[in-house]
Every structure is written in C-alpha cells, then in structure tokens.
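Here's the structure, in structure tokens; my notes come after.
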Amino acid sequence: MKRLLIVEIKRMLARRLLRVFAILAVIGVALAGVLAYVNADSETPFRITDLSWIIPATNGQLSIVMFLLGASFIGAEWRSGSITTSLTWEPRRVRVFFAKSFACVLVVSAMILAVSLLVGLALLPMMLFKGSTEGVDAAWMAELAGGTLRSVALTAFAAGLGFSIGSIGRNTAAALGTGFIYLAVIEGLLRSWRPGWAMWLLGDNAGVFLSGERQETLYASRSILEAGLIMLCYLSALLLAGVILFKKRDVT
Amino acid sequence: MAVIEIQGLSKRYRRIRGRPTAALNGLDLSVPEGGVFGFLGPNGSGKTTTIRCLLDLVSPTSGVIRLLDADPQRDLSRVISKVGSMIETPSFTPNFSGRRNLRLLAGLYGIDDVAVARALERAGLAERAGDLVKSYSLGMRQRLGIAASLLKDPDVLILDEPANGLDPAGIKEVREVLRGLGAEGRTVFVSSHILSEVRQTCDRVAIIANGRCVAAGSVEEVLAGGGPKGVLVRLEDLDAGVSALQGAGFQCARGDDVIRVALDPSRASHVARALAERGLYPNELRPEEADLEAVFLALTQNHVEEAA
C-alpha cells in the first residue's frame, strides 16, 4: 500500500493543472504582498493579528480550485485510459481508489499549507515595517493555527469531494457541472424553500467550519465540530459510493 | 497445463438506450504453457473484451476464467506479478519521460532500474527513453506499453494488438521480440487482426467471431481445417490442360496463369499422369497453400451469417 501511495503521489504531483496552480499561487501571493506593502499607510496600520482571518479566507476561496484538482486527478485518468494501466498492475481496486484519493488529499493539504506559509511570508515586510504587532499572544497563535488547519481541512475536503464525484462520473466536467449546479442552484433553492434545512447544507456547514464560530439561526444552532462532522459524513458517503462503483463497474 | 482456460464466457454490455450488446457468446479457449498464441478476430469480435475479462477489468456475465490457475475476479492479485499486459494503446503520464513512467510502475513492485533499462532496450525504445511521453508517436507509445509489460519479467504476456501503429520495421522488431519471449518458454497471448503477422509469429492460434471461438489449434491445423485444398498446375497451354484434366475426370478451373484442380495434394501425381497422357507437361505442379486470410474470412463470415 505504501508503494502504491508513493506512486499515486508522484502521479498527482505530475498533474499539469497542479503545477499551473502552484505557479499562479506563488505569483499571486507575491503580488499581493507587494501591493499590500505599497498601499499600507500609517493611519490604518496592518495588524499581524489580521492573518488569523486572511489565511483561512484565502484558503477557503481556494477550495473551489482544490475541488477542480481532485476531480481532474481522477477524471483525467479515466479520460486518458491510464486507469486501465494502473489496474493491470494493481488489480485490487479498493486499494487503488483509496491510494488515489489519499494521495490527492495529502498533496492538496500540503499545497495549501505551503500557500498559507507563503501568504504569511509575503505579508512579512509590511508587518515588519508598516504594521503593528498588537494583540499577538498565545491565544492569537492558537486562533491562527486553528483557522489555518480548519481551512486546510476544508480544501482537503473539497479535493476529496471533487475526487469522489469525478470518480463516480468518470469525468472532470461531470464533477464540475455537479458541483456548480449543487452550489449555485440546489442549495439556493433549498435555502429559500426550506430554511430549516439550511444547517444541513454543505455551504452553510463549510461557512461555520471555516469561520470558527458557532452559528445560531432561527431554526438550529451549529458548532464547528458538528459542521465538521456533517461535512465528513457527506464526504464519507460520496467516497463510499465512489469506491463501490469503482469496484463494481467495468473498465472499458 | 493450460495457462489460460476459458469456458462458456459471455459478456453482455447493458445500454441506457437500446438492447444489451453481446460482446462474448460462450467463448471457450485454452492457451497452453509456452510459445506465442495468436488470438485472431475481426473488429468487434470480442478480442479486447476477452482480454479485459482476463485482467478483471470487465466482469463476465457468465462463464469460467482461469489465469495461471487463478480466478481473475477473485484472486488476480495473487498472480498479477507473473502477468505482463498491454491493452490497446496504453496510456502513461504525458509529462514524464518514458523511462520515468516505467520507473513509476516499477516502484509498485520494487523493480530496479536495471530491469527498466532492459525492458526499454528490448522494446527498442532505449534511445528515446529520456523524452517526454507527450512527444511520442503512436508507435513509440506502443513500444513503451510493450516495455511496461516486460518489466515484471512475466511468465505470461497478454498483449492486445501490440503492432498497432508501428511501421514495418517496428512490426518486424515486435515480431522478433514476441518470438524470442515465446522461445524462452513464456506464454505470449497476443490478439491481432494482422493475419500475416500471426502466421509469422504464432505457434498456435484461435479465431474468434461473434464472441465465439470458431477455430483453434496450431497454425497448420487451423489452415488445414478451413482453407481451400487443391493442386495448382502451371503449363504452356492452359486451355488444353483444362480440357485434358476434365476429360480425365478431374474437377478443375482455369485461373489467370494456373489451373486449379480440386484434389487432395497427396494425389498430385494423378494430375501429372493425366496431363502426360495427352502430351502435356506441367512447368509447375504444387499443392495449393491454404491462406490464413481465406480461412479467417471463411470462418468469421460463416459465423456472422449464422448469427444473423
């Protein structure tokens, strides 16, 4: 299993989309750092403590990209037929599925952690020369670490979700279409039709999880842990569906 | 011992629209150990589906399959280390070189770089092994697939149309590789529709049509079983020859430059005597060689018509 996982990690790292994203992320973060430094003024100094929301917010936005990466990792393998090559070397499909999904989640998590670090480094000059260290204490450090880890978990969740749907549909486009329709149409309709169901929707739970604050609504209250568990349940269900279909369906 | 044993294998693909498509209809096949076994059939006859069933990529609707005495659906992983395979044009990571792709696969089994280099050399890809796969031609990808199938130093090779996309020189090289592997005692199961290649490469063949095996055995046996038999006569005056032979009671027909006599070739001396009695002496008298293409077409067309 270890060898299989290493091979799948190498395959994931070889994805052109991932490399393009990495390059764009480095350029984007560096550019943001420069712009922040140039535009910072003494009247409203940047506070280092703002990092505790900047990093999770940045990573949260990247969830959509990670969904695409997860979906394309498996979708491209189906499209090119390289999944056939994989299975003629390792016919135990459940192993192959979990090695691929785990590799995908692992690489995405590492990548987002690196992006978080980059964001911090890019803003370092501004913090040192034009910013304020007010409020930096152990509590803030814990808040920053928690927020970063939750946002990394959210992007890993998105990649896993993309991988599962891409695997079920055997197609990247199918996964993207499903994700778009769900977020843009179905969630909106359900939220307006049955407001009480909102706390069961993916978007709302992701919001609670990322924000790090319990959410109270007219209909329900949701803690961070509950939101995380609900998302984990959804991901597990999709992974289960994915692995069952991956095991049962013909590879033609 | 049979390396591959297939009994009553059927596969029906269900369709969202329309009726299910039967790819295999009770295929029986036995591939003995060692040598090169050709699996012949026209497009859509079920060759690739059979190979996919062997490698557990496709679940059969019914039937029994044994590969190295293992049921692929249950315990293919037990024997997969002894099986090298290539299905259609294999797909690799395009941004990696051929060598790096093989190293990636080799990593799954702890195979060293020496074996990777040997496989590349044997497949005739050593010189371009460092180039990215996305720059490879179809033929080179095919060679890389063959190299990948050799990596495990397998006892059994299952190759689906390995000569597909290769130029004549490449086809010749692949033929030599396959013959070499067969001579080493390995079992090479190779599907193809290039009849001349099969004849030159394989020790035994099976012909599949409409999802069923319609002939199997050594190449000679298959040729003897379905091809036309007769004696070909070449002489100066073909018309005189035809009338002489018909006068002697032979069934014969004139071709462009030969007379085709419907007769067991072992009795060719009777033809020579009949002609000599009329003062005609043949320049050439030889058995009509059964042509694999003719056998193949006759067998496969018969089955398509029967199925219709």
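Worth saying up front: this structure is predicted, and the values here are computed from it rather than measured.
In this structure, B/Ser10 OG and B/Arg212 CZ are separated by 8.5 Å, a value rounded to the nearest 0.5 Å.
Of the atoms belonging to A/Arg16, heavy atoms from both backbone and side chain fall under 4.5 Å from chain B. In this structure, the portions of B/Ser77 lying under 4.5 Å from any heavy atom of chain A include both its backbone and its side chain.
Contact count versus chain A (heavy atoms, under 4.5 Å) is highest, among B/Asn101, B/Leu105, B/Thr48, B/Leu76, for B/Leu105. For the set B/Leu108, B/Thr49, B/Val83, the count of heavy-atom pairs under 4.5 angstrom toward chain A peaks at B/Leu108. Most heavy-atom pairs under 4.5 Å with chain B: of the set A/Arg92, A/Arg15, A/Glu77, this distinction falls to A/Arg92.
If you check the side chains of B/Arg52 and A/Thr252, you find no donor sitting under 3.5 Å from an acceptor.
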(request) Report the C-alpha distance between A/Ser82 and A/Arg11 in whole Å, list the side-chain angles of each, state the deciding distance to 0.1 Å, and finish with yes or no for side chain to side chain contact (heavy atoms under 4.5 Å, CB included). (result) CA-CA 11 Å; A/Ser82 56; A/Arg11 278 211 179 101; 5.8 Å; no
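Counting non-hydrogen atoms of neighbouring residues, nucleotides and ligands closer than 6.0 angstrom, the OH atom of B/Tyr13 exceeds 12 such neighbours.
Cation-pi geometry between A/Lys100 and A/Phe163 is not satisfied (NZ or CZ under 6.0 Å from the ring centre, within 45° of the ring normal).
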